[in-house]
Amino acid sequence: MTRPRKRFAQHWLRSEAILEKIIAAAELKQSDRVLEIGPGTGILTRRLLEEVNALISVEIDRDLCKKLVKNFGDRENFILLQGDILELNLNETLTDFPKFQNPHKVVANIPYNITGPILERLLGTIAKPVTPAYDSIILLVQKEICDRLCAQPNSKSFGALSVRIQYLAECESICDVPAKAFYPPPKVNSAVIRLRPYLRENKVKDPRHLAMLIKLGFANKRKMLRNNLKSLIKPDRLSPLLEALNLNPQCRAENVSVEQWIALSDRLLDMQ
Ligand code: SAH
């Protein structure tokens, strides 16, 4: 077994049952072009290669890359890129390999220490969503992150991250994954999540305004929304707007659904 490196957040999946759940959640077709982030020792890589015509795996660790090349280098449906997923320009790197260009699915057991930046890389931001959007993104993440991404309003996990990501993608929890499903076991429990980015454009009149509104609204979670938004609009002018959206004027940011954030952003703009 290859010795895991802490620096790269390496935890090898060792549960066949979880592996099969990930594969099932990806609903793979032969014609799929799949991006895998952090193949590690290749447990998921091996299964993906059985399913699809084109797999692009990006691994930062040179020593692991050597082993992956040894094990899978001769497969026609495989390309391995050594590098940092956050730095790499995929399409530029793949110019000479048309078969592997524009992967439209992502299946990965990612390094947890860069979950946020990876999500931004795959989905973009409210102001600048990634285009073209991926069809689906299946990730192993910390359970806490999965809970936040799938949270509904009025629940403890519902926060700015929930709103930002749910604006960009439908989020679905596939299954919980106990720490012992990995070697070495991480300190936290994990979960498999499926994200389906939305294709629609211009969901909101001004995406930057919405992004700013969410940031301000959640700035102090204990405060009422109308107090957090004081710098934008006088609390007594905001109250009727909130009521029109079926919200209590005393509500907090965590009570406001994604659709209500969008409507609020549009209505505030109309008032200006
Ligand atoms: N998919 C494997 C390994 C998961 S551990 C399994 O399921 O067993 C996370 C993997 O991501 C490790 O192989 C680690 O080396 C790799 N990694 C860490 N940071 C990375 C980065 N910035 N870009 C690409 N790969 C990275």
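On a predicted model such as this, the values are computed, not experimentally measured, just so you know. As the structure lists them, so they are numbered: ligands from 1, and atoms in each ligand from 1.
- Looking only at atom types and distance, the side chain of Gln142 has no donor-acceptor partner in the side chain of Thr115 under 3.5 Å away.
- Nearest to atom 12 (C) of ligand 1 among the protein's heavy atoms is Gln10 CG, 3.5 Å.
- The protein atom (non-hydrogen) at minimum distance from atom 19 (N) of ligand 1 is Pro111 CG, 3.5 Å.
- Distance from atom 22 (N) of ligand 1 to its nearest protein heavy atom, with residue and atom name: Asp84 OD1, 2.8 Å.
- Judged by the 6.0 Å and 45° rule, Lys105 forms no cation-pi pair with Tyr134.
- When heavy-atom distances to ligand 1 are checked against a 4.0 Å cut-off, Leu140 has no atom that comes that close, whether in backbone or side chain.
- Checked against a 3.5 angstrom limit, the closest N/O atoms of Asp61 and ligand 1 fall outside it.
- Assignment of Leu44 to the shell around ligand 1 is not supported, since no heavy atom sits closer than 4.0 Å.
- With a heavy-atom cut-off of 4.0 Å, Thr45 does not touch ligand 1 at all.
- Protein heavy atom at the shortest distance from atom 16 (C) of ligand 1 is Glu59 OE2, 3.4 Å.
- Side-chain contact between Pro39 and Leu44 is absent, with no heavy atoms from C-beta onward closer than 4.5 Å.
- We find the CZ-CD1 distance between Phe78 and Ile56 to be 10.0 Å, quoted to the nearest 0.5 Å.
- Neither the backbone nor the side chain of Arg5 comes within 4.0 Å of ligand 1, counting heavy atoms alone.
- Considering backbone and side-chain N/O atoms, Leu13 comes within less than 3.5 Å of an N/O atom of ligand 1.
- Nearest to atom 2 (C) of ligand 1 by heavy-atom distance, out of Ala9, Pro39, Gly42, Ala108, is Pro39.
- Of all the listed residues (Ile60, Ile110, Ile85), Ile60 holds the heavy atom that lies closest to atom 25 (N) of ligand 1.
- In this structure, the protein non-hydrogen atom closest to atom 11 (O) of ligand 1 is Gly38 CA, 3.2 Å.
- Counting only heavy atoms of the protein, atom 7 (O) of ligand 1 lies nearest to Asn109 ND2, 2.5 Å.
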